[in-house]
Structures are given as structure tokens and as C-alpha cells.
Amino acid sequence: MNSVFAEIAALDKLLHEPARLSLLTALSACKSANFLALQRLTGLTSGNLSVHLSKLEEAGLVVLEKQFIDKRPNTQVQITDEGRRVIKNYWQQLENLRRDAQKWQPD
Amino acid sequence: MNSVTQTRFLAQNYPQLQGLRAVPSGLCLLLITLWANAQRGPARDLTLPILIALACLALYVLIDQYYSRVYGQVKRTISRAELFLQATCAILALAAFFVDTRTTANFSLLGLVLAVSFAFTGFWYWRPATVLFAINLALAIVLVLLSLLPLVGIQDWWSLLGIKHSLLAFAFLFGIFGVIGGVVSHVYFVRSLPGARESQ
């Protein structure tokens, strides 16, 4: 297999989904955010956001803290150190891929 | 989907982009300046400015609740570079104030330092948001012009506007920019957020 395609195949499948990539990008730019703010930032519906956050939590990329503020449920989400490392690595991989794709010549 | 840069920028500056928070303090400055300007001699009854300040505080609390309930909350990461920038601006402004009060220079050093601070912090925070950067830049340009007016023979420019003291004139100016900047920032914030979308 060509190296460019091998690089594409090597991309983290969990992050390659646009919604999860958008979520981790937003979380990597701040200390933490609550559920509503993440919904606003990504434009995801609440059901979809819950599903994607659960997947990111299972992978250990984010931490969810559920609490009640003024008798209202409030879920605070924070990216983990592993999450920061993974997203940084992902963007680096994409950058490498872009560079390699530009150099690529058909045989 | 929103671009990566846009998402990152919005998440990084989420609370600051909620511009309506700046409106009560801007209004407070404007109204108290108007009240102070209308006084003849030392003010004895401070009931009105205290009521204005309390009303603006109540308005701030309401706006804070509105943002919290409608847009949620994001805790910002404050970098060391940002803290250093803010501390440097504050120290330079204090030093310029000290120099201004002890020398008879024909221009306002404090005004120039504040102008540079606004231009620089505008560039630092709002570079990707042209309209917000433009507001900071406009304030910086106005400050430079007002600071240098005495050099071209216009000593008491504030009296031309019917304001009694330069301090009141600057407070009035910051009040106006606070209100306008706040509203523009809010509109930018709301329009930049993506609408709800479905995803697999």
C-alpha cells in the first residue's frame, strides 16, 4: 500500500469522526466546559453529544463530572493529559499527511 | 461544520466573547460621568450614583445568568504569557500616570500607553475576529489622537464637548466603547456559534 494511504489508515479512528474531533479541539483550547457550552460550540444535539462524550470518556480522553447547580444537572467536561497528547498527535499526523500528499507523484 | 480555528478560538475566548457582560460597566461609567459632569462644586448627595451602580450590578447579574443558562460555561486556560502581558500593561499605565502627574509635558503619556495596550491586547486576543480587533484599534487610535491634541494647540479638548475634566472625558469615552464593543462582541459570538446539527 502506498505510504499516503497507509498514513490515512493509521489515523486514530476515534478522533477521525468530525463531531469528536470538534469536541476534543474545543476542550483542548480551554480548562473545562459544561455540556451546554459544548453543545453550543459544536452544534451537536444533546443526544449525539452524550454519545460522543461517552466514547471519549471510555477511551480516557475526557473526564465527566456530574453535579447539581441550583437543583439543575450540570455536566462538566475536561480533557485529560492523554486527550491533549492524542489530539496534538492527530493534528501532527494530518499535517504530515497533507505534506506527503502534496509530494506524491503517480507511478 | 465550523472550522477548526473557529472552534478553537471560540472555546479559548468563550467568556470574553459574551460581550453583554461589558455593557453594565460601560453604562455605569457613562451615567456616572454624566452625573458628575452636571455637578456644581463638590457633590454632597451620592444617592443617585450609588443607585446607578447598584442597578448596573443587578443588570450584570441578570446578564451573567442569561449567558450561563443559554450558552453554558467554559473555564478559560490563562497562559503565563497572558498574565505577563496584562501585568506589563498595568505597570506601564501606572508608571505613565505617575509621569503625567509630575511633569508638564504637552501630551498625555498615559493616553499613549493605554492606546498601545489596547492595540496590542486587541491583536493578542481578537486577531481572528476582525470586527473585534477593529474596535480595539479604533479605541487605540482615538486615544492617540486625544493624547496628542495639546501638541497642536488644543489644550482642553474635553471642554469642547461640554465636559469639565479630562478624567470625565476619558471615562465617558471608555463607557461608550464598553457599550458598543460589548454589543458587537455579543452579536459576533452568537453568529459564530454553529446551529444544532445531527451526527452519527
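In this text the structure is predicted, and so the values were computed from the model without any measurement. Labels below follow one simple rule: chain letters A, B, ... track the order of the sequence lines, proteins then strands, and each chain is numbered from 1.
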Residue selection (most heavy-atom pairs with chain B, distance under 4.5 Å) from A:A33, A:C30, A:A26: A:C30

Largest heavy-atom contact set with chain B, pairs under 4.5 Å, which of A:V77, A:T25, A:L49: A:T25

B:R76 versus chain A, the contacting section by heavy-atom distance below 4.5 Å: backbone

Chain A contact via B:Y71 - side chain, backbone, both or neither, heavy atoms under 4.5 Å: both

Pair A:E95 + A:R98: basic N to acidic O under 4.0 Å: yes

Parallel, tilted or perpendicular, as decided by the 30° and 60° cut-offs, for the rings of B:Y66 and B:H186: tilted

Ring pair (Phe, Tyr, Trp, His ring centres under 6.0 Å) partner of B:F170, chosen from B:F177, B:W157, B:F97: B:W157

Distance-only donor-acceptor check, side chains B:Q12 and B:Y125, under 3.5 Å: no

